[in-house]
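Input: a single structure, listed below in structure tokens.
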Number of protein chains: 2
Amino acid sequence: MQATHDDIFKTLGDPTRRAIFERLARDGEQTVRALTDQSGVSQPAVSKHLGVLKLAGLVRDRPEGRLVYYSAEPQGLAPLIDWMSFYGAFWRDRFDRLENLLDRMDQ
Amino acid sequence: MQATHDDIFKTLGDPTRRAIFERLARDGEQTVRALTDQSGVSQPAVSKHLGVLKLAGLVRDRPEGRLVYYSAEPQGLAPLIDWMSFYGAFWRDRFDRLENLLDRMDQ
DNA sequence: CAAAAACATAACTCACCAGTTATATATTGG
DNA sequence: CCAATATATAACTGGTGAGTTATGTTTTTG
């Protein structure tokens with residue numbers, strides 16, 4: 001059930017899909033129609049992207065009558081955060097310190 | 001020249017390619033051969049992945065005779081970090097705490 | 001209640017890209 | 001200097017997945 005960073009990377013790798021997620025994260029809950037109107041693709045395409053985002057744990061849906069409201073799932077990015085913590089910050093941080101050390105040795 | 005988070009996501013979206021990057025980030029500089037031997041794909045495939053990673057600013061190469069050493073590029077993940085800072089705001093606290101932990105572990 | 005609107009799913013197409021093998025180029029070692 | 005090794009590139013193939021249109025289901029509206 002818990003998505004892996006592999007799922008997250010694949011899911012966010014598509015620009016159209018990531019744009020949908022970004023919109024939800026920025027502007028909050030939206031219907032499929034609202035998302036479709038500014039997506040540049042058809043409504044079925046948007047529905048499919050939302051399905052993928054949901055499988056990856058990045059969005060949740062709240063049906064209300066014939067409308068379905070989607071919103072960003074905050075915890076969805078956790079696996080990516082974890083990955084970044086290791087391969088991003090962790091490693092960059094060490095490199096920065098090394099660079100600083102080398103800079104100081106140069107002087 | 002500066003890669004966008006779009007490039008980064010697309011580049012790291014492929015598991016094989018991301019595994020190569022992870023290996024470089026973890027274990028440091030490697031030749032194409034070394035990377036190939038544990039990648040599960042052919043040498044040309046690895047070379048192609050390295051080319052994509054290099055275009056995305058995630059790795060650098062250092063030719064030495066007939067060997068080419070590749071290493072992770074320190075600043076390569078910066079666009080992704082920026083993106084996360086915005087869309088992963090919810091988790092930034094946790095992110096910071098982990099960074100601090102790693103800092104303390106270093107000393 | 002009929003028409004329209006919202007969404008999802010099915011069925012299909014098409015382009016892209018990750019993989020392959022083959023090969024060219026360059027460098028090292030015996 | 002010849003054989004072997006390292007890498008990159010070219011040319012091709014196949015699978016995947018993002019897009020489409022068509023349609024079914026449900027719900028709202030007039």
Side-chain angles (χ1 to χ4, degrees), chain A residues 3-24 27-73 76, chain B residues 3-24 27-73 76:
Chain A
T4 65
H5 66 270
D6 193 280
D7 301 319
I8 311 288
F9 270 118
K10 270 214 191 85
T11 298
L12 295 179
D14 179 75
T16 304
R17 188 157 52 225
R18 192 176 61 253
I20 292 175
F21 173 77
E22 289 172 349
R23 171 107 193 264
L24 290 174
D27 304 340
E29 208 178 46
Q30 311 268 327
T31 65
V32 175
R33 171 118 315 272
L35 292 169
T36 299
D37 288 343
Q38 55 98 51
S39 69
V41 296
S42 66
Q43 173 265 313
V46 172
S47 279
K48 200 192 287 186
H49 282 309
L50 288 168
V52 175
L53 286 166
K54 189 178 172 186
L55 267 181
L58 288 168
V59 302
R60 61 162 62 122
D61 61 337
R62 180 174 67 82
E64 190 175 313
R66 66 176 163 176
L67 302 177
V68 178
Y69 290 93
Y70 280 86
S71 56
E73 173 67 60
Chain B
T4 64
H5 65 272
D6 194 280
D7 300 319
I8 311 288
F9 271 118
K10 272 216 192 85
T11 299
L12 296 180
D14 180 77
T16 305
R17 190 157 51 224
R18 192 177 59 255
I20 291 173
F21 173 76
E22 288 171 349
R23 170 108 194 262
L24 290 174
D27 303 340
E29 207 176 49
Q30 308 271 328
T31 65
V32 176
R33 171 117 316 271
L35 292 169
T36 298
D37 287 342
Q38 55 99 51
S39 68
V41 295
S42 66
Q43 174 266 313
V46 172
S47 279
K48 201 193 285 186
H49 282 309
L50 288 168
V52 175
L53 286 165
K54 188 179 173 187
L55 268 180
L58 288 168
V59 303
R60 60 164 60 129
D61 61 337
R62 183 176 65 83
E64 190 175 311
R66 68 178 161 173
L67 303 177
V68 179
Y69 290 92
Y70 280 85
S71 56
E73 170 68 53

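When reading the values below, keep in mind they use all heavy atoms of this one structure, side chains included, and skip hydrogens, waters and symmetry mates. Below, chains carry the letters A, B, ... as their sequence lines are ordered, and counting in each starts from 1. Here the structure is a predicted model, which means the values were calculated and not measured.
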* **salt bridge (charged side-chain N to carboxylate O under 4.0 Å, His left out) against A/Arg60, all qualifying residues, sequence neighbours excluded** => A/Glu73

* Asked: For A/Thr11, does its backbone N or O pair with a side-chain atom of A/Arg17 as donor and acceptor, under 3.5 Å?
  -> yes

* To do: Using the test side chain to side chain contact (heavy atoms under 4.5 Å, CB included), find all partners of A/Gln38 that sit at least two apart in sequence or belong to another chain.
  => A/Arg23

* **side chain to side chain contact (heavy atoms under 4.5 Å, CB included) partners for A/Ala45, two or more places apart** => A/Val41, A/Ser42

* Asked: Going through the distances and angles, do B/Val68 and B/Thr31 end up as a side chain to side chain contact (heavy atoms under 4.5 Å, CB included)?
  -> CA-CA 6 Å; B/Val68 179; B/Thr31 65; over 6 Å; no

* Along nucleotides 24-30 of chain D, 5' to 3', which nucleotides get a B, which get an S, and which get a -, given that the test is a protein heavy-atom distance under 4.0 Å? -> ---BS--

* Could you tell me the separation between the CD1 atom of A/Ile8 and the CZ atom of B/Phe9, rounded to the nearest 0.5 Å? => 9.5 Å

* Asked: Between CG of A/Leu12 and CG of A/Leu53, what distance do you get to the nearest 0.5 Å?
  -> 7.0 Å

* Asked: Within this structure, what is the CZ-to-P distance between B/Phe9 and C/dC17, rounded to whole angstrom?
  -> 17 Å

* Asked: Tell me, which of residues 10-24 of chain A have any heavy atom that sits under 4.0 Å from an atom in DNA chain D?
  -> A/Asp14, A/Thr16, A/Arg17

* Asked: Which value, rounded to the nearest 0.5 Å, describes the distance between B/His49 atom NE2 and B/Leu35 atom CG?
  -> 11.5 Å

* Does C/dC7 have OP1 or OP2 sitting under 4.0 Å from an N or O in the side chain of A/Tyr69? -> no

* Asked: Can you name the residues that form a side-chain hydrogen bond (donor to acceptor under 3.5 Å, both in side chains) with A/Asp6, not counting sequence neighbours?
  -> A/Lys10, B/Arg18

* Asked: Does A/Thr4 have any side-chain hydrogen bond (donor to acceptor under 3.5 Å, both in side chains) partners at least two apart in sequence or in another chain, and if so, which?
  -> A/Asp7

* Residues from residues 43-52 of chain B sitting under 4.0 Å of DNA chain C, heavy atoms only? -> B/Pro44, B/Ala45, B/Lys48, B/His49

* Structure fact -> Rounded to whole Å, the CG-C1' distance (B/Asp61 to D/dT9) equals 15 Å

* Output all residues satisfying side-chain hydrogen bond (donor to acceptor under 3.5 Å, both in side chains) with A/Ser39, sequence neighbours left out; order by chain, then residue number. => none

* Asked: Residues two or more places apart in sequence or in another chain: which of them pass side-chain hydrogen bond (donor to acceptor under 3.5 Å, both in side chains) with A/Lys48?
  -> none

* Scan residues 33-40 of chain B against DNA chain C and write down, sorted by residue number, each residue with any heavy atom closer than 4.0 Å; if none is found, say none. => none

* Output every pair passing salt bridge (charged side-chain N to carboxylate O under 4.0 Å, His left out) with a member in residues 37-47 of chain B, not counting sequence neighbours, ordered by first then second residue. => B/Arg33-B/Asp37

* Under 4.0 Å between a side-chain N or O of B/Ser42 and OP1 or OP2 of C/dT20? -> yes

